[in-house]
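Letters A, B, ... mirror the listed sequences (proteins, then strands); counts begin at 1. Just so we're clear, the structure is a prediction, and the values are computed from it rather than from any experiment.
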Number of protein chains: 2
Amino acid sequence: MYSGGVDAAERLIESTRVLLWERGYVGTSPKAIQAHAGVGQGSMYHHFAGKAALAHAAIARTAAELRAAADAQLGADGPVLARIEAYLRRERDVLRGCPVGRLTQDPDVMADAALRGPVEQTFTWLRARLGALLAEGVAAGELTGLDPPATAATIVAVLQGGYVLARAAGSTEAFTQAVDGLLALLTAHAAPRG
Amino acid sequence: MYSGGVDAAERLIESTRVLLWERGYVGTSPKAIQAHAGVGQGSMYHHFAGKAALAHAAIARTAAELRAAADAQLGADGPVLARIEAYLRRERDVLRGCPVGRLTQDPDVMADAALRGPVEQTFTWLRARLGALLAEGVAAGELTGLDPPATAATIVAVLQGGYVLARAAGSTEAFTQAVDGLLALLTAHAAPRG
DNA sequence: GTCTATAACAGGATAGAC
DNA sequence: GTCTATCCTGTTATAGAC
């Protein structure tokens, strides 16, 4: 049961974010959201048209937060590879998985254009952001011999797949190994300093 | 509605495999399985104790098939990197995602030790298999300067994450890019031929 | 082995009272 | 705005007939 001195609509959105992350769209019922938010049936349907509308608000917010969080590391100062490493190694709730990536497995989310939109845009944006950063590194002579768009996709895939491995193993170690392996491969393309 | 001249139990397992892949455990009802298999309610509960028992049979089979399929490429003849490339580039139902990896997002699967077991074992096995192969390549002088266990985790993560990116984008292109990017990085560690 | 009936409960929402 | 009542359907079985 959640409440933080905020109104019902806000509590409903935050509760939906938590439950969507934990159990997915198909596995989350309006009743469970109401219970978690400490909000009654009537109140929920007063503020939102239904489960889908509430999920849309929750997903849009989660997607926006993910982009902002990524930009914090990727848009920092310093060498390109250091920024990418900071992004890859920043603290994460590894065993909970990616709150956006997991929606990709939810058939009812992918079937609904409004729900799917933020998911698609998040990954499109992230790949482009990393691709631009890598291109910047190549242009500056910091990195050599790699294709920015393909490498960007590889980096995002390692993160998303790292979550899968960690959850399968029940341990964050697999995630860390995947990231370590990637960074070792990337470092080989760093131009000798000078 | 599925049927292939086989008995009800067999049709039920195959239908469960399809639906689990498509909609996950939470999103798959006994009724949907029965309809897909063309098998009645009573028949299903005669052959299986319930949804979980049926899912267990389906998941175990899917996991076994995945391991066998991976071994087909990874255990072939030829240079290590070529075998890994063959594995990464073999034909896949990219937009459907990984039938084992997707279960990782299913709370009810991860909460049940019997259902989770095959998922965990599959990824443990796959990482070990790739790690051993990479170690073989290092020992043979085909590959240099990479850590087998970490690199193995990276490779599996790229595949799993590649599925996520492809589903998010609604296109296989993202998967292909992630794999291309990975292979480019790995190739830099191939010893000059000789 | 398979069928139909029944059941207890959850999912997702509407209606109208307060 | 929020509450309670109500509704119809789906979920996940069990029971017993055939």
Enquirer: B:Leu182 and side chain to side chain contact (heavy atoms under 4.5 Å, CB included): which single residue from A:Leu182, A:Thr154, A:Ile155 fits?
Expert: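 With B:Leu182 as partner, side chain to side chain contact (heavy atoms under 4.5 Å, CB included) holds for just one option, A:Thr154.
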Enquirer: Atom NZ of A:Lys31 to atom P of D:dT4: distance rounded to whole Å?
Expert: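 Spelled out: NZ on A:Lys31 to P on D:dT4 is 13 Å.
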Enquirer: Once you apply a heavy-atom cut-off of 4.0 Å, does A:Gly40 come out as touching a base, just sugar-phosphate, or nothing?
Expert: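 Sugar-phosphate contact only - A:Gly40 comes under 4.0 Å of backbone atoms but never of a base.
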Enquirer: For the pair made of CG in B:Leu54 and P in D:dT11, what is the distance, rounded to whole Å?
Expert: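 B:Leu54 atom CG is separated from D:dT11 atom P by 15 Å.
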Enquirer: Atom CE of B:Met44 to atom P of D:dT14: distance rounded to whole Å?
Expert: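 So the CE-P distance, B:Met44 to D:dT14, works out to 10 Å.
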Enquirer: Rounded to whole Å, how long is the line connecting atom CG of A:Leu19 with atom P of C:dG11?
Expert: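 Atom CG in A:Leu19 sits about 12 Å away from atom P in C:dG11.
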Enquirer: For B:Gln34 and B:Gln41, which I'm curious about, is there any donor-acceptor pair between the side chains at under 3.5 Å?
Expert: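 The criterion, which ignores hydrogens and geometry beyond distance, is satisfied for B:Gln41 and B:Gln34.
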Enquirer: Please check if any side-chain donor atom of A:Arg90 sits under 3.5 Å from a side-chain acceptor atom of A:Gln73, or the reverse.
Expert: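 A:Gln73 and A:Arg90 do have a side-chain donor-acceptor pair below 3.5 Å.
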Enquirer: Check every atom of D:dT4, D:dT12, D:dT2 against the side chain of A:Gln41 and return the nucleotide holding the closest atom.
Expert: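 For A:Gln41, the side-chain atoms sit closest to D:dT4.
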Enquirer: Rounded to whole Å, please give me the gap between NE2 in B:His47 and P in D:dA13.
Expert: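 Answer to the nearest Å: 17 Å.
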Enquirer: Is it true that the NZ or CZ of A:Arg92 lies under 6.0 Å from the centre of A:Tyr87's six-membered ring and within 45 degrees of the ring axis?
Expert: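 Pair A:Arg92/A:Tyr87 counts as cation-pi.
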Enquirer: B:Gln34 CD to D:dT14 C1': how many Å, rounded?
Expert: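 Whole-Å distance recorded here is 13 Å.
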Enquirer: Without decimals, in angstroms, what is the distance between B:Phe48 CZ and C:dG1 P?
Expert: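 B:Phe48 atom CZ is separated from C:dG1 atom P by 13 Å.
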Enquirer: B:Tyr45 side chain: which of D:dT11, D:dT2, D:dA13 is closest?
Expert: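 Among D:dT11, D:dT2, D:dA13, the one nearest the side chain of B:Tyr45 is D:dA13.
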Enquirer: Taking CD from B:Glu10 and P from C:dT2, how many angstroms apart are they, rounded to a whole number?
Expert: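 Rounded to the whole Å, the gap is 13 Å.
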Enquirer: Pick the closest DNA chain C nucleotide for A:Gly42 and for A:Val26 by heavy atoms, then say which residue is nearer the 5' end.
Expert: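 Closest to the 5' end, via its nearest nucleotide, is A:Val26.
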Enquirer: If you check every side-chain atom of A:Ser29, which of C:dG12, D:dG1, C:dT2 has the closest atom?
Expert: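 Output: C:dG12.
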